[in-house]
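For the numbers below, each heavy atom of this structure counts, side chains included, while hydrogens, waters and symmetry mates do not. The chains referred to below are lettered A, B, ... by the order of the sequence lines, with proteins before strands, and numbering in each begins at 1.
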Protein chains: 2
Amino acid sequence: MTTRQEQILDTAATLFAERGFHGVTVHDIGEACGISGPALYKHFSGKADLLRQSLVSISDRLLDEGTRRRDAADDASSALDALIDWHVDFALSHPALIVVQEREWSSLDAEARERVRRTQLAYIDVWVQVVRELRPELDRATARAAVQAAFGLLNSTPHSARLSAPAMRSLLARMARSALLG
Amino acid sequence: MTTRQEQILDTAATLFAERGFHGVTVHDIGEACGISGPALYKHFSGKADLLRQSLVSISDRLLDEGTRRRDAADDASSALDALIDWHVDFALSHPALIVVQEREWSSLDAEARERVRRTQLAYIDVWVQVVRELRPELDRATARAAVQAAFGLLNSTPHSARLSAPAMRSLLARMARSALLG
DNA sequence: CACTGAGGTTAATGACTGTTAACCTCGCGG
DNA sequence: CCGCGAGGTTAACAGTCATTAACCTCAGTG
């Protein structure tokens, strides 16, 4: 069962992804949930709170599960596969969340932005360690840029998406692997 | 010499890229240009006009120069190189423009949105033809998804960018080629 | 049964924003 | 020297938005 709070957070994330944080009104969010504007304040402290909770939970989830899968892998090569699979799965099943965490962090207040940025950097670092084990000739900065480019590739799903999910999954995974390993 | 109009368009695009169309006020744009809010209306018909002109000019420029370079190439392989070089050059020298054309088309009115969308699709198609010549086993839809994934990779520049421009250029170009050619 | 707190409602409020109006200034062609 | 248009200015306006206030309903409990 999904609670009203979860429903509101999901709905808000979807709308933020479509039209941007400032392009969505609390009335829009309420309406999409079947309640009306000010009712949101029974569950959240304000519109900014919706974005904050979305972004914190998304970035935590990416980092936690990413770390878990890397640690469970036997070697660097299968760790990379596991990371790619995880990220592409997440992007395909939650396109709105991927879009929001990619774009809307600049609408956060300073404190939350710092918190989210740190988590995102830690997630990038999980990837960077694996990539540098496979390609020791890359320095830290280059590896980081390469990983962020791979994210751009994997996160392109929401903007194209005319393929079946399995086809998209395998296309993106293959492309990401080629891009990162040369 | 850059005219006042060009200065305003550039400034607006940069702010739109940073905070999104709805997150920027006409006062912000004017202030960043050294004039004040309503003065913009001496040069443009309104805030929406700024976004429209930015997006139309960006998408036209990508398509025109992309077509030119592909047509000037001897074979498919060098055509792909030329397209990659062009796109990565553009993304590196105009990060704000790339971000705006990627994100803010949804803030356009229906007519302009349709116009820009068509141009973007034509640009994608230029790439798709080249890619399918090099990888005839790909169907149209798969090739299109692959090209959009490559755009995501190349357009990641504005979000990472801790490398020198030449290093970034060659990193992204190599990654895009590997991703597209497997 | 009384009552209370959770979760709604609509109306009001104050801040902000895009746009327009009214006015100023000054370089320049006749 | 005069007029005027280009490109500024500030003030005013109407609309929208986030947030708060005041009020309603009702399931569940002492």
Quiz item: Taking only residues two or more places apart in sequence, or in another chain, which ones meet A/F151 in a ring pair (Phe, Tyr, Trp, His ring centres under 6.0 Å)?
Solution: A/H87, A/Y123, A/W127
Just how far, in rounded Å, is [atom2] of [N] from [atom1] of [X]?
X	N	atom1	atom2	value
B/L50	C/dG18	CG	P	11 Å
A/Y41	C/dT10	OH	P	16 Å
A/Q5	C/dA6	CD	C1'	12 Å
A/R4	C/dG7	CZ	C1'	9 Å
B/D28	C/dC16	CG	P	12 Å

Quiz item: Under the criterion salt bridge (Lys or Arg N to Asp or Glu O under 4.0 Å), which of A/R140, A/R70, A/R118 is the partner of A/D125?
Solution: A/R140
For [X] and [Y], indicate whether the former's side chain and the latter's backbone hold a donor-acceptor pair under 3.5 Å.
X	Y	value
A/E137	A/R132	no
A/D28	A/T25	yes
B/T142	B/L138	no

Practice problem: Give the nucleotide from the list C/dG18, C/dT10, C/dA21 with an atom nearest to the side chain of A/S36. | Solution: C/dT10
Quiz item: What's the closest nucleotide to the A/K42 side chain, out of C/dG7, C/dT17, C/dT10?
Solution: C/dG7
Self-check item: Ion pair B/R69/B/D85, N-O distance below 4.0 Å
Solution: no
Self-check item: Closest-nucleotide 5' rank along DNA chain D - winner of A/S45 and B/I8
Solution: B/I8
Exercise. Under 4.0 Å between any heavy atoms, over every strand shown, what does B/G37 touch: base, sugar-phosphate, or nothing? Just pick one.
Key: nothing
Exercise. Under 4.0 Å from any heavy atom of chain A: name the first and the last nucleotide of DNA chain D that qualifies, 5' to 3'.
Key: D/dC17 to D/dT20
